[in-house]
Amino acid sequence: MLIGVPKEIKNHEYRVGLTPSGVRELAGRGHQVMIQKAAGEAIGLYDEQYLNAGAVLVDTPEEIFAMADMVVKVKEPQPTEYAQLREGQLLFTYLHLAPDPEQTKGLVESGCVAIAYETVIDGKGGLPLLAPMSEVAGRMSIQAGAHALEKAQGGVGLLMGGVPGVAPAEVAIIGGGVVGYNAARIAVGMGAKVTILDRSLSRLNYLDSLFQGRLNTIYSTVDALEEYALKADLVIGAVLIPGAAAPKLVTRDMLKQMKNGAVIVDVAIDQGGCFETSRATTHQDPTYIVDGVVHYCVANMPGGVARTSTFALTNATMPYVLSLADKGYRKALQDDAYLLEGLNVYFHKVTYKAVAEALGYEYLQARQALDWRF
Ligand SMILES: NC(=O)C1=CN([C@@H]2O[C@H](COP(=O)(O)OP(=O)(O)OC[C@H]3O[C@@H](n4cnc5c(N)ncnc54)[C@H](O)[C@@H]3O)[C@@H](O)[C@H]2O)C=CC1
Ligand SMILES: CC(=O)C(=O)O
Ligand SMILES: [Mg+2]
């Protein structure tokens, strides 16, 4: 198979879809890989390394979209990218379609076969291709939040851990999944007073036993959200209903009652965000203020630590890339029900229920789609 990797073009996005080691694995199995020149240069993955691994370097993304059987990326395709996707061309990347009608329309019109990293599942109820980036974003959310709490960034001027004789910051983490757990690890490590809210009791049980009393676990209700979000100095938005738009758990009304100079980091912004006042921001201009509350809503947080993130992401994606390349998408998807969960768009049809429902498309079940046309 001919696999193509364009350079990412989202604002301050330096991750790359394949590492030189990944290219070598593919080349070793007889596949051809095209990489756009300088795709990994910003994070120390140089063209020469890709060449040595067996890749062919190309100058433009146009060459990749015109020729590749499978395009492997990191971020959701931008308008100039989805305009170039072709019918039957396989796209393997993050998509986050439910809150993104324009991109969904673009993918549907293109007729491509789009598998979203974030909805691939494993046998244990996890999201194996979202998890590594959730680990990164969870850890980063506390760094970002601590920075925003500084006076010069619009925050109230608070040190996360306090000092002897002065209370630490209070952190409320809404959603105790992969992002929430990793945020909690860093916040607890910094000495903050941490509360995690989740509506999964088994998850709260797990977190409670893991942290051994070093944080507070609370069942998530509207009352509990009001209580803990309103008194927090830093609120992390980390909920997920897989594939669906994030529920707006903190309303404008609640925000108005939050402390002046408090900070929210809405990690769930890639699914639309869980604060009513959230709108996606970029690494270049990550924050804005509403009602005295600093909002950090960067939709590609792991891009900020792109070298770490590229290795973490490709460690997880590589087995699936190999399977798709070796078998072709139809057989790979037929053989692996967990990978099939990643199929979001297939020859002009939406094949992921939550996306179809959120955006008003007719829904075609993924397995049926594979028999309908290929
Ligand atoms: N902005 C960025 O750069 C990044 C964003 N993300 C996003 O972060 C979000 C969280 O991802 P993960 O932690 O991997 O998901 P996860 O599935 O591991 O955890 C989500 C948690 O939210 C909980 N939850 C659902 N509804 C809730 C409610 N009403 N109240 C409290 N908890 C609730 C679930 O029980 C679950 O424990 C996702 O939207 C993901 O796409 C992930 C990586 C990077
Ligand atoms: C998950 C995601 O949106 C990211 O890593 O950018
Ligand atoms: Mg700003």
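Position 1 is the first residue of the sequence, and the numbers go up from there. Predicted model only: the values in this text are computed from it and were never measured. Ligands are counted one by one from 1 in listed order, and the atoms in each one are counted from 1 as well.
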Geometry only, no angles: is [X] polar-contacting ligand 1 at N/O separations under 3.5 Å?
X: Arg203; result: no
X: Val179; result: yes
X: Leu130; result: no
X: Ser200; result: no
X: Met301; result: yes

Looking only at protein heavy atoms, which one is nearest to [atom], and what is the separation?
atom: atom 43 (C) of ligand 1; result: Met133 O, 3.5 Å
atom: atom 19 (O) of ligand 1; result: Gly177 CA, 3.2 Å
atom: atom 18 (O) of ligand 1; result: Val178 N, 3.0 Å
atom: atom 10 (C) of ligand 1; result: Ala238 O, 3.6 Å
atom: atom 30 (N) of ligand 1; result: Ser220 OG, 2.9 Å
atom: atom 6 (N) of ligand 1; result: Asp270 OD2, 3.3 Å
atom: atom 44 (C) of ligand 1; result: Ala137 CB, 3.4 Å

So, 4.0 Å and heavy atoms of [X]: is ligand 1 close enough to count as a contact?
X: Ala246; result: no
X: Leu225; result: no
X: Arg199; result: yes

Taking the basic N atoms (NZ, or NE/NH1/NH2) and the acidic carboxylate oxygens, is any pair closer than 4.0 Å for [X] and [Y]?
X: Lys73; Y: Glu8; value: yes
X: Lys105; Y: Asp100; value: no
X: Arg373; Y: Glu87; value: yes

Using a 3.5 Å distance criterion without hydrogens, assess whether the side chain of [X] forms a donor-acceptor pair with backbone atoms of [Y].
X: Ser110; Y: Leu107; answer: yes
X: Thr351; Y: Ala366; answer: no
X: Thr195; Y: Asn216; answer: no
X: Glu13; Y: Lys10; answer: no
X: Glu276; Y: Arg252; answer: yes

Part of [X] with heavy atoms under 4.0 Å of ligand 1, whether side chain, backbone, both or neither:
X: Ser134; value: both
X: Ala299; value: backbone
X: Val298; value: backbone

Subset of ligand 1 atoms that lie under 4.0 Å from at least one heavy atom of [X]:
X: Gly175; value: 22 (O), 32 (N)
X: Pro302; value: 3 (O), 44 (C)
X: Asn300; value: 3 (O)
X: Leu197; value: 31 (C), 32 (N)

Exercise for review: At a heavy-atom distance under 4.0 Å, which protein residues reach ligand 2? Sort them by chain and number, would you?
Suggested key: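 Within 4.0 Å of ligand 2, the protein residues are Arg15, Lys75, Tyr94, His96, Leu130, Met133, Asp270, Ala299, Asn300, Pro302.
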Exercise: do [X] and [Y] side chains pair donor with acceptor under 3.5 Å:
X: Ser323; Y: Asp336; value: no
X: Ser278; Y: His295; value: no
X: Gln271; Y: His96; value: yes

Point to revise | From Arg203 atom CZ to Asp198 atom CG, the distance as rounded to the nearest 0.5 Å | key: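 It comes to 7.5 Å.
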Check your understanding: Say you draw a straight line from OH of Tyr50 to OG1 of Thr19; how long is it, rounded to the nearest 0.5 Å?
Key ->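 Separation between the atoms: 6.0 Å.
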Review point. Taking atom 17 (O) of ligand 1 as the point of reference, which of Leu207, Leu240, Ile196, Ile241 owns the nearest heavy atom?
Key: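 Of the listed residues, Leu240 has the closest heavy atom.
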Exercise for review: Compare Asp198, Val265, Leu249, Val239 and give the one whose heavy atom is closest to atom 34 (C) of ligand 1.
Suggested key: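 Among Asp198, Val265, Leu249, Val239, the closest heavy atom to atom 34 (C) of ligand 1 comes from Asp198.
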Parallel, tilted or perpendicular, judged at 30° and 60°: which one describes the rings of [X] and [Y]?
X: Tyr181; Y: Phe211; value: tilted
X: Tyr117; Y: Tyr94; value: perpendicular
X: His12; Y: Tyr14; value: perpendicular

Exercise for review: Report yes or no: is the cationic atom of Arg86 (NZ for Lys, CZ for Arg) under 6.0 Å from the centre of the six-membered ring of Phe65, at an angle within 45° of the ring normal?
Suggested key: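 No, cation not above the ring by the 6.0 Å, 45° rule.
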Review point. With Asn205, which residues qualify under side-chain contact (heavy atoms from CB on, under 4.5 Å), at least two apart?
Key: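 Partners of Asn205 under the side-chain contact (heavy atoms from CB on, under 4.5 Å) test: none.
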